[in-house]
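A quick write-up on the structure given underneath.
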Amino acid sequence: MKNKIKELTNKNNGWGNEYRANRLRQFVRGWVNYFKMADMKNLLLEVDEWVRRKVRAVYWKQWKKVKTRYKMLRKYNIPECKVHEIANCRKGSWRASIMLNSVLTNKEIVNLGYITMTDYYLKVSVN
């Protein structure tokens with residue numbers, strides 16, 4: 001499962017965000033429907049955290065330049081000092097994705113079209 005999610009959320013494959021979200025949504029639905037009889041809520045909670053971090057890393061990678069990061073971070077109405085701190089981060093995308101928790105919240109990621117495995121599992125599970 002993790003290998004397939006890595007493939008779908010690869011930040012270097014050139015897919016658009018809508019296409020990536022659609023493919024990930026299809027995979028989540030298929031995988032959860034196949035294993036809906038199992039008791040795997042805790043596993044899915046951990047995987048959801050990891051997937052959200054990968055999604056944040058994809059967006060960070062897309063905002064390549066500091067100028068673009070400033071522009072995109074200002075849209076989320078956070079203080080200017082915080083925008084400056086996050087936009088000028090020189091860490092890698094995986095490390096910077098931790099800082100994006102305050103900007104790309106879980107609700108925002110759902111609004112972007114990504115589905116959480118836990119929510120879908122709770123909707124369709126037999127248990």
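All values derive from a computational prediction rather than experimental measurement.
More than 12 heavy atoms of other residues, nucleotides or ligands sit less than 6.0 Å from atom CD of Glu80.
Taking the six-membered ring where tryptophan is involved, the planes of His84 and Tyr70 are tilted, since the angle between them lies from 30° to 60°. A perpendicular orientation is assigned to the rings of Tyr19 and Trp15, their planes being inclined by more than 60° (bins at 30° and 60°).
Remark: the backbone N or O of Trp94 is paired with a side-chain donor or acceptor of Ser97 at under 3.5 angstrom. No donor-acceptor distance shorter than 3.5 angstrom exists from the side chain of Arg69 to the backbone of Asn88, with no hydrogens or angles considered. In this structure a side-chain-to-backbone donor-acceptor pair under 3.5 Å is missing from Arg74 to Val83. Here the side chain of Thr68 pairs no donor or acceptor atom with the backbone of Lys64 at under 3.5 angstrom. When atom types are taken as modelled, the side chain of Asp48 and the backbone of Thr118 share a donor-acceptor pair closer than 3.5 angstrom.
Taking CE of Met99 as the reference point, atom CG of Leu73 lies at 9.0 Å (rounded to 0.5 Å). Residue Asn101 holds its CG atom at 9.0 Å from CG of Leu104, rounded to the nearest 0.5 Å.
Between the side chains of Asn10 and Arg20, not a single donor N or O lies within less than 3.5 Å of an accepting N or O. With hydrogens and angles left out, the side-chain atoms of Glu7 and Asn13 include no donor and acceptor closer than 3.5 Å.
Residues Val28 and Val58 fall into different hydrophobic clusters, defined by Ile, Leu, Val, Met, Phe, Trp and Tyr side chains chained together at heavy-atom separations under 4.5 Å.
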